[in-house]
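In what follows, a structure is listed as structure tokens, so that the remarks can point back to it.
For this chain, numbers begin at 1 and follow the sequence in order. What you see is a predicted model; the values in this text were computed from it and never measured.
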Amino acid sequence: MAKNVYAKADIERLHSRGIMELKLHPGDAVTPLARDSAIELGVKIYAAGEEAPATAAVAPAPAPAAFAPMGAPNMEDIVKAVLEQIQKAGGMQPCPVPDVYGSRPAALKLVPIGKDMVLDPYDLKDPKTGALLTPPEIDFRLTDVVTVGDGSSIGAGFMSWRKGAFEWTLTYDEMDYIVEGVMEITCEGRTLVAYAGDVCFIPAGSHVRWATPSWVKIYYVTFPSTGEY
């Protein structure tokens, strides 16, 4: 005799037809979810050779082919049931985005960037000693365009300087896109030379030496956003 596997949908179908008992034959099986559903709906399950429970409300026997148990879970029924539950709950809701820095921005932000964009003069100083790290002759400039103030977990902006170099230790991950010029970056004895269109990644904790033989403008992205360079 072929083995029948009764699933939750089978129990629900029996109940909807007023059939409140299920007799199992040798080799038949009932899934745990189907047994739970039977308890909830009051459908009694018993094995062949056992008498039907005295408290069972026995309905008239169905026609021989009125009910065909599923050999495996019916995915279409499962999907329909899930969609019904979603609809009852008010429809699909967007997954909440972790709020890293408090309130999120209320709207998109656009920062028009032209080729003639003038960056702000900026004195990069050692956070511990306050010593100036960017010599005046390199005309170091930096302008933030996305900061913590925008409710963002990343920071972004532009920086540029003329022939010369400076050193800095990063407390955040940084991606640098070379907009114009040439950038030389040295870390742990290794020097990379990047040209316009190149992208460099610098992991947090790196102590680096930035330099350019002539001029360079960089678009940078940092994570997490520090609110300042």
Heavy-atom distance under 4.5 Å between the side chains of [X] and [Y], does that happen here?
X: Glu167; Y: Leu133; value: no
X: Asp123; Y: Phe140; value: no
X: Glu174; Y: Thr222; value: yes
X: Val118; Y: Arg141; value: yes
X: Leu110; Y: Leu108; value: no
X: Ile19; Y: Val43; value: no

Nearest heavy-atom neighbours spanning [X] and [Y]:
X: Ile45; Y: Ala38; result: CD1-CB, 3.7 Å
X: Pro213; Y: Glu184; result: CD-OE2, 4.0 Å
X: Pro135; Y: Ala165; result: CD-O, 3.8 Å
X: Gly164; Y: Ile138; result: CA-CG2, 3.6 Å
X: Pro224; Y: Tyr172; result: O-CB, 3.9 Å
X: Lys217; Y: Ser160; result: CA-CB, 4.0 Å

Check: For Glu188, does the CD atom have more than 12 heavy-atom neighbours from other residues, nucleotides or ligands under 6.0 Å away?
Finding: no
How far does [atom1] of [X] sit from [atom2] of [Y], to the nearest 0.5 angstrom?
X: Asp176; Y: Leu192; atom1: CG; atom2: CG; result: 11.0 Å
X: Arg190; Y: Ile185; atom1: CZ; atom2: CD1; result: 10.5 Å
X: Leu132; Y: Leu124; atom1: CG; atom2: CG; result: 8.0 Å
X: Leu22; Y: Arg35; atom1: CG; atom2: CZ; result: 9.0 Å
X: Asp10; Y: His15; atom1: CG; atom2: NE2; result: 14.5 Å
X: Ile154; Y: Asp173; atom1: CD1; atom2: CG; result: 12.0 Å

Determine, using the 4.5 Å side-chain heavy-atom cutoff (strictly less than), whether [X] and [Y] are members of one ILVMFWY cluster.
X: Ile39; Y: Leu41; result: no
X: Met117; Y: Val146; result: yes
X: Val199; Y: Phe223; result: yes
X: Val179; Y: Ile113; result: yes
X: Val216; Y: Tyr195; result: no

Could you tell me whether a side-chain N or O of [X] sits under 3.5 Å from a main-chain N or O of [Y], the two making a donor and an acceptor?
X: Thr212; Y: Val182; result: yes
X: Ser206; Y: Val208; result: no
X: Thr143; Y: Asp120; result: yes

Checklist line | Result of checking Tyr177, Tyr219, Tyr220 against Phe158 for ring-ring contact (aromatic ring centres under 6.0 Å, His included) | finding: Tyr219
Margin query: Under the criterion side chain to side chain contact (heavy atoms under 4.5 Å, CB included), I'd like the reasoning laid out for Trp210 against Ile202: C-alpha separation, chi angles, the key distance, then a yes or no.
Written below: CA-CA 11 Å; Trp210 270 294; Ile202 310 166; 3.5 Å; yes
Next item on the list: Determine, stepwise, if the pair Leu119 / Trp161 fulfils side chain to side chain contact (heavy atoms under 4.5 Å, CB included).
Entry: CA-CA 10 Å; Leu119 305 184; Trp161 71 95; over 6 Å; no
